[in-house]
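Residue numbering restarts at 1 for every chain, and letters A, B, ... go by the order of the sequence lines. Being a predicted model, the structure only gives us computed values, none of them experimental. Side chains included, hydrogens not; waters and symmetry mates left out as well; all remaining heavy atoms used.
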Protein chains: 2
Amino acid sequence: MVKKQLIMEKSLELFAEQGFEATSVQQITKRCGISKGAFYLSFKSKEELILALIDQFMEQFLSNIDYTVRNAKNNENLLYDFYYISFASFNKYSNFAKIFMKEQAHSVNNEMFTKLHYYYQLHEKAILAMVEKLYGDEVNEIKYDLVYCIKSFMRTYTELLLFSNTLPDLETLAQSLAEKTNILAKHMTIPYVTHGFVPLFTHPQNEEGTKEEIIRFIDQSLEEVEESIEKESLVLLKEELLTPTLSQALIKGLIENIRNHPQCIWTAYLLRNYYNF
Amino acid sequence: MVKKQLIMEKSLELFAEQGFEATSVQQITKRCGISKGAFYLSFKSKEELILALIDQFMEQFLSNIDYTVRNAKNNENLLYDFYYISFASFNKYSNFAKIFMKEQAHSVNNEMFTKLHYYYQLHEKAILAMVEKLYGDEVNEIKYDLVYCIKSFMRTYTELLLFSNTLPDLETLAQSLAEKTNILAKHMTIPYVTHGFVPLFTHPQNEEGTKEEIIRFIDQSLEEVEESIEKESLVLLKEELLTPTLSQALIKGLIENIRNHPQCIWTAYLLRNYYNF
DNA sequence: TTGACAAATGACCGCCTAGTCATTAGTATA
DNA sequence: TATACTAATGACTAGGCGGTCATTTGTCAA
């Protein structure tokens, strides 16, 4: 549905400028050049639109990071790549990133709060995985605190990137933060965050990740995808889930086929998790 | 005026829970147990109330930090004290701090935006002054970036402090961040922020700090203060501004007399700046 | 050209908002 | 007690909000 995409694009602009609450459905429909009724044909409420935007961006963003961390051949460039890909994502989807910065703690309502915290924890998990991969057992005492430092850097420097008018220099930024992180990992002795992530709020155990859930995502992707290779890959992956026959390499290749297709990003992410690639 | 204070207290609670926009004047008056009309006798609009709250807290907070940095006898505990006093302030005025975290980038309107950025820059200036005092010329290349790192830490760990339910351990927190800062100052070689603070937005040169402006603040404080010592100190300071006669030590003592009085905090801050204490 | 169906419209609803102002209550002085 | 004045009230206005739905428009096949 083209209209749905149009609404998401235009509303993103408005939300980035004004925030969620301050942007009315009227403004959105006006910018789209459609009527109010048409809006409610695509989304059953303003809230649903917001949740859809969050999903779209966070899935993209997190799967990018996850892919980078998992597929890093060596540790040499991992930290740099992590920062680079993160800031590049924020830069590319700057409109969403701006909203994210503004509304993060706002939690307009419960469902949005739940969703954001869910993605937030996935992000922390990805960073923690990276820290463990990079520094191993040497940093066991300080690793949770280190994750927090990394998150600190990302937050503040992303803000600088998004809201200052200077031209971003992503290479230097990634280098600078990678250096800082390495320095802290090497010399820090007094951590503050020590007990892992105190979940601010207990998230109902998500069923994502089970075989059935992944198949549901594959079916959904199948409906939305046109291209034949992606379609075939999805079908094969579904069959493989039901009755395993293929080798690891073949499965990995199939996932690789769909990983960059807009409608398959989350499906690919779940599959990578499932097969532990 | 007692009512004004009541409204500020109760509205602070509501704003911290829900944010500015989501809190209506009706809710505020209900919690205060007063009528809507009574609200508009104290504040001429909801916006004026918000701006007053921002002023009250930021003046308190910044003057605390400024005092700590200026009066540090040696560099040994300065960094620790800075972090400690900052987090203690945030902890004490947690309701305001929560609002501040939530609404920072929101800029409901232009006047609030201007105000926040003004205080924001004062904060950066105070941190920069501390960095220079601590590390001198050794960190010239990286000092602006270091300021940004300090701000990063403060942001994220304040959030942890405010929104997690764990008991805060301010000593450890201040120690931990002081160590991190020292480590970075010692080892960092690749700064990202190099050109000083690119003012995101040019702030109209505030007249605060001129002799006339300070006298106006003294007059305002005089109206609100009851205690005789503070009153006398204010009168003497005003006379001194008009016709200088007293020694540095006497002036400093007079400022010290008023520095902790709620209605004189900003006046004292401006005077310290004026006399460069 | 007609009829059938889907897509799109925008007037309309109930609700809530910030802010106003004629009216009333309370209090201090003469 | 009468008068004068301030403090406080809450019904009211105008306007914006999210969301609905009877109606119109557009697009096909027959």
Exercise. In whole Å, what is the span from the CG atom of A/L41 to the C1' atom of C/dG10?
Worked result: 13 Å
Exercise. Just how far, in rounded Å, is C1' of C/dG19 from CD1 of B/I28?
Worked result: 13 Å
Exercise. Does B/K151 make a cation-pi contact with B/Y148 (under 6.0 Å, within 45 degrees of the axis)?
Worked result: yes
Seminar exercise, completed: To the nearest angstrom, the NZ-C1' distance between B/K30 and D/dT9 comes to 17 Å
Exercise. Of B/R31, B/K10, B/K98, which is the lone residue that meets salt bridge (charged side-chain N to carboxylate O under 4.0 Å, His left out) with B/E17?
Worked result: B/R31
Identify all pairs in which a protein N or O lies below 3.5 Å from an N or O of nucleotides 15-18 of chain D, and state each distance.
| residue | atom | partner | partner atom | Å |
| --- | --- | --- | --- | --- |
| D/dC17 | OP1 | A/S24 | OG | 3.3 |
| D/dG18 | OP1 | A/K46 | NZ | 2.9 |
| D/dG18 | OP2 | A/V25 | N | 2.9 |
| D/dG18 | N7 | A/K36 | NZ | 2.9 |

Problem set entry | DNA chain D: 5'-proximal contact among A/G37 and B/G37 (nearest heavy atom) | B/G37
Problem set entry | d(CZ, A/F39; P, D/dC21) in whole Å | 17 Å
For this session: State whether B/E9 and B/K4 are salt-bridged, where the test is any N-O pair (Lys NZ or Arg NE/NH1/NH2 against Asp/Glu carboxylate O) under 4.0 Å.
Result: no
For this session: Could you walk me through whether A/Y93 and A/Q56 pass side chain to side chain donor-acceptor pair (under 3.5 Å), step by step?
Result: CA-CA 11 Å; A/Y93 305 99; A/Q56 179 182 273; over 6 Å; no
For this session: Evaluate salt bridge (charged side-chain N to carboxylate O under 4.0 Å, His left out) for B/E21 paired with B/K46, printing each intermediate quantity in order.
Result: CA-CA 10 Å; B/E21 283 195 52; B/K46 182 182 166 184; over 6 Å; no
For this session: Measure from CG on A/L6 to P on C/dA8 and round the result to the nearest Å.
Result: 11 Å
For this session: Could you label the plane-to-plane angle of the A/F61 and A/H123 rings as parallel, tilted or perpendicular, counting under 30° as parallel and over 60° as perpendicular?
Result: perpendicular
Problem set entry | Euclidean distance, atom CD1 of residue B/I34 to atom P of C/dG19 [Å, nearest integer] | 14 Å
